Amino acid sequence: MVSTAASQSHPSRIAIVGVGNVGATFAYALLLSGLASEIVLIDLNRSRAEGEVMDLNHTEPFAHPTRIWAGDYSDCAGAAVTVVCAGAAQKPGETRLDLVKKNTAIFRSIVPEVARYNPNGILLIATNPVDVLTYVSWKLSSLPAARVIGSGTILDTARFRYLLSQHFGVDSRSVHAYIVGEHGDSEVPVWSLANIAGMRLPDFCAAQGHDYSQLDMDKIFEQTRDAAYQIIQRKGATFYAVAAGLMRIVEAILRDQSTVLSISSRIEHYYGIDDVCLSLPTVVDRDGVEQVLHLALNEQEIAALRQSAGVLKETIGQLDL
Ligand SMILES: NC(=O)c1ccc[n+]([C@@H]2O[C@H](COP(=O)([O-])OP(=O)(O)OC[C@H]3O[C@@H](n4cnc5c(N)ncnc54)[C@H](O)[C@@H]3O)[C@@H](O)[C@H]2O)c1
């Protein structure tokens, strides 16, 4: 076959670095979705990657024809998105920020290599602490900030919507509510804008003849914020929901959907917040971050968001980037 520029590009190649719980679950979801034509798995533990490839290949007859192989960083060339899930996982009792130094060192061996072979793709980070590592990846890759994304609070927002949906008795997809800021202990629920069918939650309650209880709402937020600790205590790791969130982000990119997602990216001029990665509702399309939406937050939410940004900036400041 004649080699042309077009035949050398891989519009739906997705590279996954780190195929443990999160990376392998994402690869499986991606294969079942049929969104990617090529999936390359890269892991320090090569035999683990090879084992995952074999298992995934045997899934193909039930799914979609997809080229899947265990590769190295040169295989990131032409990938639309490189998803990084490599690193140490959170241990019981350990905060996400405790992980930062360990995983920054790991990222020094990964991110420059990905950027070297794939200067035109999008980097999507899942490894924790995800906001700090998204910032680290932006620095280490020298890619435009719009093409360095963290999964951020896409997971927390999903947990929040699920719990609210259970409380209010509607489909979680009909609940419009966001968790912003850090994916972690300082995250912020945006109660002032949360709504069902355009009705703020107290109005929705009134229309249904129910009382609105801020105490119940506070409990829902605590369950959202602490969900990872609860799951890790019981099953050792969390991976299904984050993998589904990564799928949603990759779908928005590959299909150029301009979807509003709470993902982490580098923020500037946002209620006085500058030069830090954190999550806000963001329009995501084939170029990555199209636009970070400026929410009309109330005073309390602005203060909480600034505090969350402060926590992240302090950690970033402790790194030698
Ligand atoms: N962002 C989120 O919402 C979210 C949710 C769950 C987990 N996580 C995070 O995702 C990360 C992965 O979690 P997991 O449960 O899959 O962990 P895991 O231990 O199962 O997998 C990590 C993988 O990374 C690989 N790895 C380590 N160093 C590497 C390197 N230098 N190069 C290539 N591969 C390397 C390991 O061999 C392993 O296969 C953790 O940081 C975890 O905290 C994030």
Side-chain angles (χ1 to χ4, degrees), residues 22 25 29 90 92 95-96 126 128 130-131 150-249 251-252 259-264 278-282 284 293 295-305 307-308 311:
V22 175
T25 308
Q90 201 175 357
T95 71
R96 291 187 180 92
N128 278 318
V130 68
D131 303 289
S151 62
T153 59
I154 196 163
L155 176 57
D156 315 71
T157 290
R159 288 170 172 158
F160 193 43
R161 289 179 181 184
Y162 169 75
L163 292 167
L164 288 168
S165 80
Q166 295 299 294
H167 183 83
F168 290 110
V170 295
D171 185 333
S172 56
R173 294 167 300 181
S174 302
V175 177
H176 307 285
Y178 287 95
I179 300 287
V180 298
E182 180 199 5
H183 167 59
D185 297 343
S186 73
E187 66 190 31
V188 180
V190 185
W191 290 117
S192 69
L193 300 175
N195 72 84
I196 295 168
M199 300 162 85
R200 299 284 151 84
L201 300 181
D203 298 333
F204 180 81
C205 282
Q208 305 288 310
H210 300 149
D211 288 336
Y212 176 79
S213 156
Q214 192 54 52
L215 208 66
D216 286 347
M217 296 303 107
D218 292 346
K219 271 194 215 135
I220 284 175
F221 171 59
E222 279 162 27
Q223 282 174 20
T224 301
R225 187 194 55 203
D226 301 338
Y229 297 112
Q230 295 295 328
I231 298 168
I232 289 167
Q233 220 172 57
R234 288 163 172 82
K235 60 174 268 192
T238 80
F239 39 90
Y240 296 128
V242 67
L246 292 169
M247 268 305 305
R248 190 65 195 85
I249 299 166
E251 182 190 19
T259 308
V260 177
L261 299 169
S262 58
I263 50 109
S264 189
L278 52 71
S279 288
L280 288 161
T282 302
V284 179
L293 299 177
L295 300 179
L297 301 175
N298 66 27
E299 286 305 318
Q300 204 184 350
E301 291 160 351
I302 293 168
L305 186 63
Q307 198 257 333
S308 189
V311 168

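All of these numbers come straight from a predicted model, not from anything done at the bench.
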Which value, rounded to the nearest 0.5 Å, describes the distance between [X] atom [atom1] and [Y] atom [atom2]?
X: Y162; Y: Q166; atom1: OH; atom2: CD; value: 3.5 Å
X: I196; Y: L164; atom1: CD1; atom2: CG; value: 7.0 Å
X: S262; Y: E187; atom1: OG; atom2: CD; value: 9.5 Å
X: I249; Y: I154; atom1: CD1; atom2: CD1; value: 4.0 Å
X: L155; Y: I263; atom1: CG; atom2: CD1; value: 14.5 Å
X: L215; Y: I220; atom1: CG; atom2: CD1; value: 11.0 Å

Applying side chain to side chain donor-acceptor pair (under 3.5 Å) between H183 and each of D131, T157, D156, report the one that passes.
-> D156

I need the minimum non-hydrogen distance between [X] and [Y], along with the two atoms involved.
X: M247; Y: A29; value: CG-CB, 3.7 Å
X: H176; Y: A197; value: CD2-N, 4.5 Å
X: G152; Y: S279; value: CA-OG, 3.2 Å
X: S192; Y: E301; value: OG-OE1, 2.7 Å
X: S151; Y: L246; value: CB-CD2, 3.9 Å

Please, which pairs that meet ring pair (Phe, Tyr, Trp, His ring centres under 6.0 Å) have at least one residue in residues 197-217, sequence neighbours excluded?
-> F168-F204

Could you walk me through whether V170 and V175 pass side-chain contact (heavy atoms from CB on, under 4.5 Å), step by step?
-> CA-CA 8 Å; V170 295; V175 177; 3.8 Å; yes

Among V188, L295, T153, V260, whose side-chain contact (heavy atoms from CB on, under 4.5 Å) with Y178 holds?
-> V260

Option from V190, V180, L261, L193 for which side-chain contact (heavy atoms from CB on, under 4.5 Å) with P281 holds | V180

Is there a donor-acceptor contact under 3.5 Å from the side chain of E182 to the main chain of V311?
-> no

Side-chain (S308) to main-chain (G181) donor-acceptor, under 3.5 angstrom = no

M217 versus H167: any side-chain heavy-atom pair under 4.5 Å?
-> yes

I'd like to know whether [atom1] of [X] has more than 12 heavy-atom contacts from other residues, nucleotides or ligands below 6.0 angstrom.
X: Q214; atom1: CD; result: yes
X: D211; atom1: CG; result: no
X: Q300; atom1: CD; result: no

Report the C-alpha distance between E251 and R248 in whole Å, list the side-chain angles of each, state the deciding distance to 0.1 Å, and finish with yes or no for salt bridge (Lys or Arg N to Asp or Glu O under 4.0 Å).
-> CA-CA 5 Å; E251 182 190 19; R248 190 65 195 85; 3.0 Å; yes

Would you kindly check if the NZ (Lys) or CZ (Arg) of R159 is within the cone defined by 45 degrees around the ring axis of F221 and under 6.0 Å from the six-membered ring centre?
-> no

Residue pairs involving residues 195-205 (criterion side-chain hydrogen bond (donor to acceptor under 3.5 Å, both in side chains); sequence neighbours excluded) | none

